[in-house]
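We count ligands from 1, going down the list as the structure has it; atoms in each ligand are counted the same way. The structure displayed is predicted, hence computed values, not measured ones.
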Amino acid sequence: MTTKKNEIGKAFIEIDNAKYELPLYKPNVGPNVVDISKLYAQANVFTYDPGFTSTANCSSTITYIDGENGILLYRGYKIEDLVENADFLEVSYLLLNGELPNIKEKNDFVNAITYHSMLHEQMTRFYAGFRRDAHPMAITCGVIGALSAFYHDSTDINDPQQRMIASRRLIAKMPTIAAMAYKYSLGQPFVYPKNDLGYASNFMHMCFSFPTEDYKINKILADALDKVFILHADHEQNASTSTVRLAGSSGANPFACIAAGVASLWGPAHGGANEAALNMLEEIGTADNITKYIKKAKDSNDPFRLMGFGHRVYKSYDPRAKIMQKTCHEVLDALSLRDDPLLKVAMELEKIALEDPYFIEKKLYPNVDFYSGIILRALGFPKDMFTVLFALARTVGWISQWKEMIEDSEQRIGRPRQLYMGNVDKKFINLEDR
Ligand code: SDX
């Protein structure tokens with residue numbers, strides 16, 4: 001597939017009295033893009049953009065974010081419409097294939113995922129190599145990487161059939177791997193997936209059921225978890241997705257690339273923020289402590305930040321946080337936990353922060369991680385499983401972006417340059433003379 005671009009003119013840059021012209025592209029929506037890919041060859045200069053705040057690393061048709069207006073589209077569909085009208089596997093099909101499935105396409109896809117949900121039995125022995133108190137993200141990262149040791153028949157990235165099989169295996173097996181990490185941490189037996197359960201219900205069954213008794217799925221809670229998965233499914237070129245793309249650009253197999261994405265997501269500034277946000281709410285404890293923590297968050301000498309607040313792209317309310325807050329109320333109502341003290345602290349913290357000039361001026365709003373922890377805790381998951389659930393849901397986004405990159409004729413191995421400020425021309429001194 002060739003990269004879609006719409007050149008509308010030129011941008012000009014003048015260096016040492018020499019003028020260079022650079023192609024200017026107009027996207028279907030969003031800011032125009034200056035193509036600097038030939039700048040080094042033409043002008044012998046690099047551009048400098050740590051954190052990539054102004055840099056597009058690819059052309060994509062998967063997800064669009066309008067940070068100023070709080071808009072999130074998956075393949076052009078509003079996240080609000082998808083959460084309201086579709087389920088996670090339907091959205092997964094959309095992200096992977098570019099269009100919503102018809103009835104037959106959906107049934108075929110659901111069957112393909114359902115009948116790939118078991119792990120090679122020998123993989124269960126990997127878990128025994130971890131301490132029982134290992135963080136489930138460490139286990140998940142390790143086991144995902146190990147998939148390439150078992151599924152050799154879907155690691156040839158140049159074979160579309162193998163790419164499709166690897167994508168489906170990852171989406172299908174991630175819940176099983178995550179649930180096994182949770183059961184292992186409890187010292188409880190692994191629970192196999194059941195083919196008559198939906199994606200979210202099956203995950204709850206594998207996490208919360210016991211071989212000794214029947215487990216009754218609570219449909220309201222399973223539907224809420226399915227929505228949480230949809231909200232986390234993809235998010236343009238965030239840190240973990242960019243990690244997957246960069247790993248994939250070297251030709252690494254898809255399992256290794258997704259393991260790299262899991263590792264990047266784990267950071268507290270990224271996917272680890274949901275666990276960190278709940279820790280923060282528990283540390284604040286009650287509403288009368290909020291002012292003290294807001295003060296800490298505003299103090300540039302204090303490393304404390306309001307976890308679940310702020311975003312590189314959203315300079316308005318994260319649309320996912322709005323839906324997450326609504327889902328939070330639904331779950332707590334269903335569980336008669338309406339008076340959950342942490343929800344009260346979260347709501348009061350949000351109210352105070354959004355009225356504070358510091359947060360208003362810096363355009364800091366709740367993000368996807370602010371309410372998700374309260375929901376996941378209410379559903380029965382421990383904090384150290386929150387980022388695992390984020391990784392579970394984001395796997396389809398990662399693999400869709402990986403697939404788009406592999407199929408993009410313009411993509412080459414990612415190899416950024418640098419602004420070198422180190423020593424030059426040092427004279428070697430023998431050890432005895434130093
Ligand atoms: C996710 O990229 C994605 O799309 C990620 C994600 C996805 O779906 O993949 O959306 C998921 O990772 C959401 C973000 C979760 N992280 C957190 O909630 C951690 C807390 N937030 C921050 O660490 C921060 O807001 C980031 C990392 C999210 C964004 O950081 P940026 O864009 O680099 O912004 P910045 O750190 O330069 O902050 C700008 C200013 C700074 O003040 P000054 O240096 O200008 O004086 O705002 C301040 C920051 O100190 N600031 C905060 C703050 N976040 C930013 N101050 C207090 N509390 C915060 N949470």
Check whether any side-chain heavy atom of Phe88 lies under 4.5 Å from a side-chain heavy atom of Val396, and answer yes or no.
yes
How far is atom 54 (N) of ligand 1 from its nearest protein heavy atom, and which residue and atom is that?
Leu364 CD2, 3.8 Å
Is it true that Glu236 and Ser60 share a donor-acceptor pair across their side chains at a distance under 3.5 Å?
no
Taking a cutoff of less than 4.0 Å between a non-hydrogen atom of the residue and any ligand atom, is Arg394 in contact with ligand 1?
yes
Ala273-ligand 1 polar pair, N/O distance under 3.5 Å:
no
With no hydrogens and no angle check, is any side-chain donor or acceptor of Tyr20 less than 3.5 Å from a backbone partner on Leu39?
no
Just wondering, do Leu389 and Phe386 contact through their side chains at under 4.5 Å, heavy atoms?
no
Is Glu282 close to Arg377 at the side-chain level, that is, under 4.5 Å between some pair of heavy atoms?
yes
Atom indices of ligand 1 within 4.0 angstrom of Gly310 heavy atoms, with elements
25 (O), 28 (C)
Considering only non-hydrogen protein atoms, determine which one is nearest to atom 2 (O) of ligand 1 and report residue, atom name and distance to 0.1 Å.
Asn238 CB, 3.4 Å
Going by distance only, is there an N or O of Lys315 that falls short of 3.5 Å from an N or O of ligand 1?
no
Quick note on ligand 1: atoms under 4.0 Å from a heavy atom of Arg312 include exactly 29 (C), 31 (P), 32 (O), 33 (O)
If you take the nearest heavy atom of each of Arg305, His235, Lys296, which one is closest to atom 36 (O) of ligand 1?
Arg305
For ligand 1, which atoms, with element, lie under 4.0 Å from some heavy atom of Ala297?
56 (N), 57 (C)
With no hydrogens and no angle check, just 3.5 Å: does a side-chain donor-acceptor pair link Tyr199 and Asp87?
no
Regarding atom 10 (O) of ligand 1: of the candidates His311, Glu236, Lys362, which has the closest heavy atom?
His311
Counting heavy atoms only, which part of Tyr365 comes closer than 4.0 Å to ligand 1: side chain, backbone, both or neither?
neither
Flag: protein heavy atom within less than 4.0 Å of atom 14 (C) of ligand 1
yes
Among Ala276, Ala239, Gly308, Pro366, the residue with a heavy atom nearest to atom 18 (O) of ligand 1 is Gly308
Starting from atom 11 (C) of ligand 1, what is the nearest protein heavy atom, named by residue and atom, and what distance separates them?
His270 ND1, 3.8 Å
